[in-house]
Number of protein chains: 2
Amino acid sequence: MVRTIDELAELSGVSRATVSRVLNNGSVSDATRQRVQAVVDRTNFRPNPAARSLASGRSGVVGVVMHIDSHLLFRDPYFSQLLQGMSDALADGSAGMMLWLGNCSKEETLDRILGIRLLDGVIVTAHDLDDPLVDGLLASRLPTVLIGHRSADRTASYVDVDHVHAADAMTTHLLETGRRRVGHITGMRGTVTGEDRLTGYRRAMHRARLAIDDLVVDGDFNEPSGAAGAAVLLDHGVDAIFCANDATAVGALRVIRERGLRVPEDVALAGFDDLDFAAHLDPPLTTVRQGVREQGAQAVSSLFQLVRDRDGAPRRVILPTELVIRQSTVGGVPRA
Amino acid sequence: MVRTIDELAELSGVSRATVSRVLNNGSVSDATRQRVQAVVDRTNFRPNPAARSLASGRSGVVGVVMHIDSHLLFRDPYFSQLLQGMSDALADGSAGMMLWLGNCSKEETLDRILGIRLLDGVIVTAHDLDDPLVDGLLASRLPTVLIGHRSADRTASYVDVDHVHAADAMTTHLLETGRRRVGHITGMRGTVTGEDRLTGYRRAMHRARLAIDDLVVDGDFNEPSGAAGAAVLLDHGVDAIFCANDATAVGALRVIRERGLRVPEDVALAGFDDLDFAAHLDPPLTTVRQGVREQGAQAVSSLFQLVRDRDGAPRRVILPTELVIRQSTVGGVPRA
DNA sequence: CGGTACGTTGGAAGCGCTTCCACTGCCGCC
DNA sequence: GGCGGCAGTGGAAGCGCTTCCAACGTACCG
């Protein structure tokens, strides 16, 4: 078994430096490259990452930080899809992924991440408006990409979608179907997504010169809060409910049903995320598709660029969203 | 900023070798140790992991492989708790965790894990009776600990619980409450846990000289399969349903309710896992508690031992389970 | 009191790779 | 035809740590 670059060099009759160049896409003549590559392939050689890392200062490992309450983390498929998007993209770039979940305090997590001195960079979910972990990461020398962002981060690199715009579009859609009393069950207050979606809803309602006094109920992105919120909104006589995410909509749907009301005839219902199950609800849920996997992939790609060019400009990526209109708002297909 | 052990050596007036010993709990006199440690603390020094890894051959990073369909992975809190247990234990041992999920084929995953040459060892969930990924890992030189195990693995290290015994105990409990037609909705067939729990159920029924002809329905550990299974079993006139896990029980509970039957008066219901929500169902669910977090922690500790003593005997750990009896099988507390 | 043993320390040799620098040969240009 | 330049290559110096080995001093034994 060939374990070092020196053996490889001997086998292919070149110097160790040349083998290294072949392995790292350095400048080598075609003939030499092919000769060496053939030996590499034949012996299935993999360079020692520790040695490579020591010599080059890069490790090929990035950290992924999702400091989120585990209930939310694993209840909400959003995170799993995000993780998969990143995981795929990292594998494609033949980089490893180290994961930090929210087991300990944010301060402690920060300490560990900065202390490990192994990471080329980190990707961190930034959902709270105010987050010491994110602040600490940004303040450090470690290349960092946020998923979601705080408007204040003008120098940070991030990947996000325009929640305000998307929520506005959804609300507008509901209004266009003739609804007037459109309620909103918010996401968790204090989170970027929660606040932004609320802002978008408000904007659309305001533009339509509609009051929202008793039409907004606080939720927390979870099914139970959807049920509770819907109960309140139905009492206030809404004819449509826009939920801050799909999970919330599931809870709302249940309560609407329990009251003997029909969707969308009596109450239109909309969500946000377009998670897998949204299309399979009864009726299929109108929602906003944000390519979650794609967000993960994009974050990885931004981070790679940032690592390669440490002093480059921050990478800010806003991914598009798509209004996915299904039967929960427009009836449409008659049901048997 | 102190970045190397040499600077540290100079600051504390000892040789580089001695500093290294302090950092690695080598044999150093108390006086020297304290002097050096003081400098380490003051400068908040962290050794370069790449250099350490290159010199010692150990990386302090372990792989965690959960090659599972993402729907299952993130829908079922079992995995999140497992992950947390491992994550905590690894952090305590100041080791890093690299995570592999089931994004690509098992063969490809195996390739990547073995190719990375960075890992001190791996922990892999072994739920299928037959799994090329697990086989490949065990065949490699990489220290490996399985969570769950195949009975054939006599040389492998693993952490598991005695599913057969636990399922037997649960079934026996149901019989002791006077039930005679105890149905079972299995877990996914072909998985160790699914088959073992079925075996335990069979054993108990057999010991009670009860036929099980029409009392077993295949499920897949998910809520919908619980609903479907319960529908069949109720048609067959059962007076108790033992579900292969808690998620399945939730589906079953819904169907029982929809038919206007009472739990436990008409049908007793039991699950397996004791996930967080089990205690909060209505009625609270009788189930089997397996310390999932503890399994994760135990796997980590076994792996650490294995890494330290590569040629040691395989570590086989069977963790105890606990029958958690709640109102879904014994009525008990009268409800308002 | 000499010798042995042990606990503690420093010196030095790597671990396997990247990368800077110098060297070689060749082409093309004036 | 000579020379500057360049592409391709090898030599060698580390990257920051662990760990073997030898040296030292001290304590204890005979």
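Chain naming here is simple, since letters A, B, ... match the order of the sequence lines and numbering starts at 1 in each.
- With hydrogens and angles left out, the side-chain atoms of B:S59 and B:D120 include a donor and acceptor closer than 3.5 Å.
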- Nucleotide-resolved protein contact map, nucleotides 6-15 of chain C, B/S/- at heavy-atom distance under 4.0 Å: --SBBB--BB
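- Separating the CD atom of A:E7 from the C1' atom of C:dG16 is a distance of 11 Å, rounded to the nearest angstrom.
- Going from atom CZ of B:R58 over to atom C1' of D:dC17 covers 12 Å, rounded to whole Å.
- Going from atom CG of B:L8 over to atom P of D:dG16 covers 14 Å, rounded to whole Å.
- Judged as a side chain to side chain donor-acceptor pair (under 3.5 Å), and not counting sequence neighbours, A:S302 has no contacts.
- Rounded to an integer number of Å, the gap from A:N24 CG to C:dC17 P is 10 Å.
- When the C1' atoms of four end pairs are superposed on the next four at each end of the helix from C:dC1-D:dG30 to C:dC30-D:dG1, using five pairs per end, the two resulting axes differ in direction by 40°, to 10°.
- What separates CG of B:L23 from C1' of D:dT19 is a distance of 14 Å, to the nearest Å.
- With sequence neighbours left out, the side chain to side chain donor-acceptor pair (under 3.5 Å) criterion links A:R112 to A:E108.
- Side-chain contact annotation: B:Q37 with B:D41, donor-acceptor N/O pair under 3.5 Å present.
- Applying the side chain to side chain donor-acceptor pair (under 3.5 Å) criterion to B:E10, with sequence neighbours excluded, gives no partner residue.
- Distance A:N25 CG to C:dT18 P: 11 Å, rounded to the nearest Å.
- Applying side chain to side chain contact (heavy atoms under 4.5 Å, CB included) to B:M98 and the options B:L118, B:V64, B:V62, B:V122 leaves one that passes, B:L118.
- Taking the side chain to side chain donor-acceptor pair (under 3.5 Å) definition, one finds that B:H127 meets it with nothing, sequence neighbours left out.
- Distances shown here put a side-chain N or O of B:R52 below 4.0 Å from the OP1 or OP2 atom of D:dT18.
- Between B:L303 and B:G121, the closest heavy-atom pair is CD2-C, 3.8 Å.
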- Item | Stepwise salt bridge (charged side-chain N to carboxylate O under 4.0 Å, His left out) check, B:D128 with B:K106 | CA-CA 12 Å; B:D128 291 351; B:K106 290 192 166 179; 3.5 Å; yes
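- One interatomic measurement links the two molecules: CG of A:D120 to P of C:dT18, which rounds to 14 Å at whole-angstrom precision.
- Atom CG in B:L118 sits roughly 14 Å away from atom C1' in C:dG16 (whole-Å rounding).
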